[in-house]
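Below you'll find the structure, written out as C-alpha cells, and then a few comments.
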Amino acid sequence: MAAAAAPTAATAVPSEILRLSTAFLSEALSQPELRRRLFSAFRRGLPQHDPLLRPLDLAAETLENAISTANPSVRSSSLHLAEKLLLSHPGSPFSSFLLSLICSLCGRPIDAALRLIDVFSSDPSLARSEIAPAIFEDLFLVHLIPVLEWFNDQRSKITASSGPVHLESQLNDDFSCDVSVVLPCTKVLSKMSGDQAAKLKELESNYERVIDENCAAFARYFGEVLKSGDGGRAVSPPPVVVEKRGRVDMLEEEEEEEETTEDRTADSREAGFNHGRYNPIWAERDRSVDYSVGGSCSNYTNPPSYPQRVSAASLAAAAAAAAPESQKRPPPAARSTPFPPPPAPASGSDSETSSSSSERDGSAAGSSSESEERNRSMASFEPRKSHPQKERQSIPAEPSCPPGSLMAESENPPGGGKHTPPKDFVCPITSNLFDDPVTLETGQTYERRAIQEWLERGNSTCPITRQKLQSTQLPKTNYVLKRLIASWREQNPGAVLDKSESYSLEIMPIAKPIMHSTSPNSVISRASLDGTLSELRHDINKLCTSEILEESEMAVLRIEKFWQEASLEISIVNMLSRPPAVNGFVEILFNSVDTRVLRATVFLLCELGSREKSVVQTLTRVDSDVDGIVALLKKGLLEAVVLIYLLQPSANSLIEMDIIDSLLAVIKKSPDELMSMCLEPRTASVLLLRQILGGCQEYMVAAMTSKVISAGIIDSIIGSLEAEWSEERLAAVVILSKCMQEDGKCRNPIADKAELGPVLESFIGAADAERFEIIRFLSELVKLNRRTFNEQVLHIIKDEGAFSTMHTFLNYLQTALQDQCPVVAGLLLQLDLLAEPRKMSIYREEAIDALISCLKNTDFPAAQIAAAETIVSLQGRFSASGKPLTRAFLLKQAGLEKRYRTVMRMEHLGNSNVEFEGSLQEEEKAADDWERKVAYALASHEFGLLFEALAEGLKSRNADLCSACFVSATWLAYMLGILPDTGIRGAARVCLLKRFLQIFKSAKDIEDKALSMLALNSFIQDAESLRDLAPSMKDVLKGLRELKKHSPFAFKMLKVLSGGSESSADLWNHKDLVQVDCSHNGEVLSIVCHKDVIFSGHSDGTIKVWTGRGSILHQIQEVREHTKAVTSLAISQSGERLYSGSLDKTAKVWSIGDNALHCTEVHDMRDQVHNLAVANSVAYFIPQGAGVKVHSWNGGSRLLNQNKYVKCLSLVQGKLYCGCQDSSIQEIDLASGTLNSIQSGSRKLLGKGNPIQALQLHSGLIYSASSSLNGAAVKIWSATNYKLVGTLPSTADIRAIAVSSDLVYLGCKGGIVEVWCKENHQRVETLQSGTNAKIHCMALNADEEFLVIGTSDGWIQAWGLS
C-alpha cells in the first residue's frame, strides 16, 4: 500500500489539480466578502499610482456585475469585455486571478486552473500565504519535504546550544481540559542569545526565498501537467532546490515506498511549517506543546484575534475525556445553557490523550510572575495573518453573542415575543431582566450587582467563558442594551419573565484563551511595541470603565493618535469593536463638548464601522443613537456624515433627518478642511445626496435640486465624475441628471466642465439600473440650446472610453427594459448620425427598430410615450432649459410666430452676449443640417415604416401619446417637403394624410389646426394627394379661411388651392376694446407702448401710465412734473428709460421700473420741444423755429437742416428723416452729416405749402402723409434708392400713421382710422373712434396685438388685432 502511494506524491494528476482549483474558485465565486479580501490583497501588492491598477479595477467591477446579474446575455457580454480588457494589458498576478474567475464562469475549468496556477508562478509568496494557502498545502507542500527536513535540521543546530526548553513547566495548573493551547513564542526567545535569534531570522529569510523558488517551479510543472491531460505525454517534476551554506544543491526528489502523501503532510506540520512558512521555534522539542482534543492535529486559518469562547457542552466533554474513568460523568448537555452545542470533535488515539493529560497534570510552576505577565501581554497582541478560506480550529467555538453583535443571533428579537423577553435581555446569573447591564471584555453581559458579587468572592475570570479578566474594575453601564430593554418593556407592558426560559449559570472548568503562533520575524518586530500596546490597552480600559468624562476624552484622543501613527493589528480592532468600547464612544458623543474629542470619536467609529459590521449593528439598534449622530452633523461636526453613511439608513430615514443642508455644506468644503478618513466626507455626502434624490417623491425633487443648484456646488459634484470609486461617479451622474431635468440652465456648465471618460468606463462594470442612469445623464447632456455644442459633446461620448461606446450601447439596448429602450435608442441614433446618414449602419437600424417597436407596443404605454417624445427631441432644437422647440418651430413655419417669438425672446435674455449673437447664423445652419440628417434617416428606414407606427399612435386615447405622435408626424411630413422625394412621400400619404385631414377639420385648438395645415401643405403638390383631398376640399377651404385671420401661411395655402382668387383683406379683424376719457387733462398729444405698458402725454403736462395686458388701459400711475404740454414721448433702445419733451422747454428722463415712473434727470432744452427722438446720449427735436435741434445730454447743442421748417421727423438706424412744411422730405446721415432729398418741396397759391403731417419707416419703406390734393394722401418711398414704390389713395386729412407687418393705419382728422393692406394698397377697414376730433397720435404694441390712439378732445381708445 505504501509502495502504491509513492508515485502519487511524485507525479501530479490533472484531475487532482482540477479538483482543487475548481473547489477554490467555486468558493471564491460564491462568497462576495472572500472576493473582496482577495482583491484587496492583490491591490496591496501594486504601487498606488500603477497605470495597471485602473484597468484591473475596471475588470474587477465588470466581473462583479457579471456575477450579480441574472441576465445571461448581460453576463456573457460583461465577461467577454472583462477578458478582452485584461488580455490587452500586461499580465500580473491580479489579472491572472481575475482571468481564472472569468474562465470558471465561462465553463472553461482547464483555462481557469491554468490561470490560477499562474498566480503561484508569478507571485508565490502572495499566493501561498494570502490567496490560496489550502491549495499550496494540498498540492505543493507534499513535493517540498526535502526542503522542510533540511531546514528543520538547520534549526536544530542553531537552537542546540541554548539547551532544551521545558515547556511543560510553563503551563498553569488551572489548565485542565483538552483544548489546543500554544504558549507565546517570547518564552522561547527569552532563552536564546542575540546571535541565535539573528541566525534564526536569517534562516527564516532563506527559507522563504527557497520555498518561493520551488513554488514557482512546481507551478510551471503543474501547468504542463494540465496542458498534457490525463492521456497525454508524461511530464517529469522539477528538481527541488535547497539553499545550503550559500551554495545551491539540486536534490532529486526520492520518495520512500512506505511513506504516503498523508504521512508527508503530517511530517511537514509536525516540523513546524504552517502553509509552507517555516517557524523554527515550534519545531521538535523546543516548540510549544500543541494540545488538541483527542490528540488530533489541526491547522489554523484565519484565526480570531480575540480570546475564543467555547460552549459549556464542549468544555464538559473535554473535561470528561481528560478525567480518570472512575470520575467521568455525563456532560450537562440537558441543562439550560446560552451556548449552542458544538459539533462532535474528531476522535484521536487514547495514548495521545493520556500523554497530554499527564503533561498537563505535571505543569505546575516554572516561570516568574513578570515572565507570565509579559507572555500574557504579548499573547493578547500576537500578529496574525488572515487567510480567505474556511476556518479550521481544534475546538469549534461558537460564542453566544459575538463581540459587538449583541442580539444578532437572538432567537427572540427585541419585541418579538409578547410574554418571553429575548434571551440577551436576561442576566445569565440572576435569570432576571437586566436593570444595570455591564459588558465585560470577554463580550459577556451581566447584571452589575451579580458580577460585582462574583468578583468580590475572589474570582478573576468571566463566569461563562472562564477567561482571565485583565481588570476587575467593572465597565460603565451598557446604555445601548439598557435602552433596548426599556423599548421592549414599553412594547410589552404585561410581560413577565418565564423562569423556565431563564438561564442557569454552571461554572465549569474551561481552557485558557486560545492563542495562535506567529513567525519569528513578527515576534521580534512586535517586541518594541510592547509598551505602547500596554498603554493602548489601558486607554481602552479607561474608555470602557471610567465614569469621569475628562479621563474618557483623553483616552479617546490617545487611541486616535495611536490609530493614526501605527498600523493596528486585527486584535486591537476587535477590542475597540466590542460593545463596551462602542458604548464608551457613544457616551462621549452624547456628553462631550470638545470639538477635537468629538472629531476623534467620529473618526474612530468610522474606521471601526468600515471594518467591522458589528459596530454598525450596535449603533443602529437604538434610534436615539442615530438621532444623536445626525444632531452632531447639523451642529457642524461635518465628519459625522461618514458615520451616517456607514450606518446605511434608508432613503425615507434620510429624508426625515432633513440633513440636505448639512450635506451641501460638506460638499462645499475643501478636502483639506476636513479630516482624512476611511471615506472622504464629501464622497459620503454625494452618496447620501444621491440616495435622498432617488428616494423622495417627485414633488420634493424640485425643491431639493433647487437647493443643490443655489448652493453653488455643481462644480464640486462635476468633480466627482472623475472619482476613483465608481459608486461616487454614479452618484454624481444621478444628481446632475436630476438637476438638469429640474433646472436646465445648469446643463451648459455641466456639459462644459464634465469629464465623460470616467463615466463611460463606469458603464462597463455597472448594473443595469446604473447603466440606464448613465444613459439618461448623457441624453440630458446633449439637449443644449446650441447645436454645435451638442455635436461636440456627442463626439466626446463616441470617442472617449476604453471600449467602443456605440458597440457597448448597442449591447445594452438589446437587453434594456422596454421603457428604457427609447432613451438608449435615441442616444445611439444621434451618435451614429455624426457620420454620413446615407451609409448603411447596424447601429442606426437597431436604434430605429427599437423606437418603432416601442411605439407599437401597447402593453407598455410609458415606453410608447417615451419613444414618441424621443423622436420629437431628435429634431435637435432645444430651449435654454433643455425643452424641445420642435412644436414652437413648426408653429413658426405655420405662421403662428407669437409663441416662437416669446420663447426666443427668453432665449435671447438668457444668452445676451456678443459671441452668442454673432454665432446665431452658424447655429441655425448647423440645426438645419442636423434636422435634415435625422429626418432622412427616420423617414427612409424600411421605406417609411415609422409613419405606420406614428399613425397608430395618433389613434391612441392617451392624450400624451397622441400629442407627441402628432408633433413627430407633423415634423416628418413638413421635412418631406424639403427633402428630395425618393418615393417616401407616397408611404407617408397612405399612413398619415387621412389622420391630418381629420385633425384639421375637427381641431378646436388653433395651434393643432395650424400644425395639421402645415402637414397637409406638404402633400398638396402631389397629384394623388390632391385627388385624396378632393372629397373634403370644401371643408379644407373653409378651415383655411378661418385660419387665415391668424396665419399668413393659411392665406398662401388658400391662394394655391383656390387658384389665386383669395385676397389678404380678410386676414385681419379689429375689435373695439375700450376707450377712456381724459379730457380733464386736455389733448392727448403723444402715446408710446413698451412691453405690457402704455404711456400717454397730455396738454396739461401730465404723463399717465396704463396697463397693456388683461384689463387694458387701466391707469397705473399719473405724474405731472412738466408745466406745459407734453408733446412727445420716446423709449430708449434698452427699454429702461422714457424721455419726455414739453413746451416748457425741458426734457425729462424717467426710469421705468415695476410699471412705475421715477424722474432721474431734467435737461434745459432752451426751446420748445416738438417730436422728440433720442439715440444714445443725444436728443433730436423740432424747435419753435426752423431746422432740427441736436442736444447732447452733456449740455451742447447744434442745429441741422436750418433752411427747412420741419413738421415731423423719424430716427432710424443713425439716419434722421424730416418731413417739412413745404412737403419736402430729407434724409440726414448723422454719422457723416450728408443730406439727401427724397421729395422736393413745392409752393402753392397764396404762398401756402402742403406740409408733411406724419412720417413713418417700416421694413425699409418710408410712409409720408400729407394733403390729398394731388390724389394720394400717403406716398410710399424706398429708403434705399428713394424711389416712389406706391401710394395709398386716401382722401382723408391724415394726422398720424402706424405701420404693422401687414397693415397701415391712418389716423384722420374726422376721428376715424383707415386700415390699408400693405401688400395690395387697398383699404381693408375703417375704424370709428366715437368722436369727431382729430387723431393726434397712434401706437402699436410690439406683438401687434392692439392699436391705441389719442385724440384732440382728450380721449384714448384701443382696438384688439387678430
Side-chain angles (χ1 to χ4, degrees), residues 305-307 377 380-381 403-406 436-446 448 451 462 467 469-483 529 531-566 568-612 614-619 621-622 625 628-629 632 637 639-640 643 675 677:
S305 57
Y306 51 88
S377 175
S380 300
F381 293 97
S405 302
L406 183 62
D436 187 5
V438 290
T439 303
L440 302 185
E441 62 195 59
T442 61
Q444 298 298 325
T445 305
Y446 304 97
R448 182 181 293 277
I451 190 62
C462 174
Q467 290 177 238
L469 298 177
Q470 297 295 328
S471 172
T472 57
Q473 182 181 359
L474 292 180
K476 292 182 287 189
T477 300
N478 188 337
Y479 290 103
V480 175
L481 178 57
K482 191 169 183 176
R483 285 192 287 268
L529 295 176
T532 307
L533 294 177
S534 297
E535 294 177 5
L536 180 61
R537 181 186 292 276
H538 178 72
D539 289 331
I540 296 174
N541 186 53
K542 283 287 186 186
L543 174 67
C544 298
T545 61
S546 178
E547 296 289 345
I548 302 173
L549 180 61
E550 290 77 6
E551 286 187 357
S552 299
E553 289 178 334
M554 290 304 297
V556 167
L557 292 176
R558 285 192 293 267
I559 294 171
E560 188 258 349
K561 181 181 179 182
F562 187 87
W563 188 293
Q564 296 276 19
E565 294 177 354
L568 294 184
E569 297 294 340
I570 190 67
S571 58
I572 305 301
V573 176
N574 282 336
M575 291 169 61
L576 291 171
S577 302
R578 292 176 181 173
V582 176
N583 183 49
F585 286 131
V586 172
E587 293 305 313
I588 291 290
L589 286 181
F590 288 171
N591 295 289
S592 179
V593 294
D594 189 325
T595 303
R596 192 162 56 103
V597 173
L598 291 173
R599 294 180 75 183
T601 305
V602 168
F603 168 80
L604 290 169
L605 284 175
C606 291
E607 293 290 327
L608 294 169
S610 66
R611 302 182 184 205
E612 294 291 337
S614 60
V615 176
V616 175
Q617 293 169 356
T618 303
L619 290 172
R621 284 199 180 94
V622 183
D625 290 352
I629 297 170
L632 288 173
L637 188 63
E639 287 82 1
L643 186 54
M675 292 185 70
M677 307 176 72

To the nearest 0.5 Å, what is the distance between OG1 (Thr439) and CZ (Arg578)? 11.0 Å
Just so I know, are the side chains of Leu549 and Ile588 near enough to count as touching, which here means a heavy-atom distance under 4.5 Å? yes
Asn478 and Pro579, any side-chain heavy atoms less than 4.5 Å apart: yes
4.5 Å side-chain heavy-atom contact, Leu589 and Leu605: yes
Do Glu551 and Ser546 meet the criterion of a side-chain donor-acceptor pair at a distance under 3.5 Å? yes
Heavy-atom closest pair (Leu481 atom, Pro437 atom, distance to 0.1 Å) is CD2-CB, 3.8 Å
Leu543 and Ala581: which non-hydrogen atoms are nearest, and at how many Å? CD2-O, 3.9 Å
Asp436 side chain to Thr477 backbone, donor-acceptor under 3.5 Å: no
Is any side-chain heavy atom of Gln564 closer than 4.5 Å to a side-chain heavy atom of Glu607? no
Between Asn591 and Glu587, is there a donor-acceptor pair closer than 3.5 Å when you use the side chain of the first and the backbone of the second? yes
Between atom CD1 of Ile540 and atom CZ of Phe562, what is the distance when rounded to the nearest 0.5 Å? 9.0 Å
Do Met575 and Arg537 come close enough that some side-chain heavy atom pair is under 4.5 Å? yes
So do Val602 and Met677 actually touch side chain to side chain, heavy atoms under 4.5 Å? yes
How far apart are the closest heavy atoms of Ser614 and Ser577, and which atoms are they? OG-O, 4.2 Å
Leu619 side chain near Phe585 side chain, heavy-atom distance below 4.5 Å: no
All heavy atoms of Phe590 vs all of Gly628, minimum pair found to be CE2-CA, 3.7 Å
Heavy-atom closest contact (Lys542 atom, Ser552 atom, distance): O-OG, 4.0 Å
Interatomic spacing from CG in Leu632 to OG1 in Thr595 - rounded to 0.5 Å: 10.0 Å
Does one side chain, of Glu553 or Ser592, offer a donor that lies under 3.5 Å from an acceptor on the other? yes
Using 0.5 Å steps for rounding, measure from the CG atom of Leu469 to the CD1 atom of Ile451. 7.0 Å
Only counting residues at least two apart or in another chain, list the ones meeting salt bridge (charged side-chain N to carboxylate O under 4.0 Å, His left out) with Glu639. Arg599
Using the salt bridge (charged side-chain N to carboxylate O under 4.0 Å, His left out) criterion, which residues pair with Glu550? Sequence neighbours excluded. none
Do Leu440 and Leu474 have side chains that approach each other closer than 4.5 Å (heavy atoms only, starting at C-beta)? yes
Nearest 0.5 Å, what's the NE2-CZ distance between His538 and Arg558? 6.5 Å
Please name the pair of heavy atoms, one in Pro475 and one in Val438, separated by the smallest distance, quoted to 0.1 Å. O-CG1, 3.7 Å
Distance from Trp563 atom CH2 to Leu536 atom CG, nearest 0.5 Å? 10.0 Å
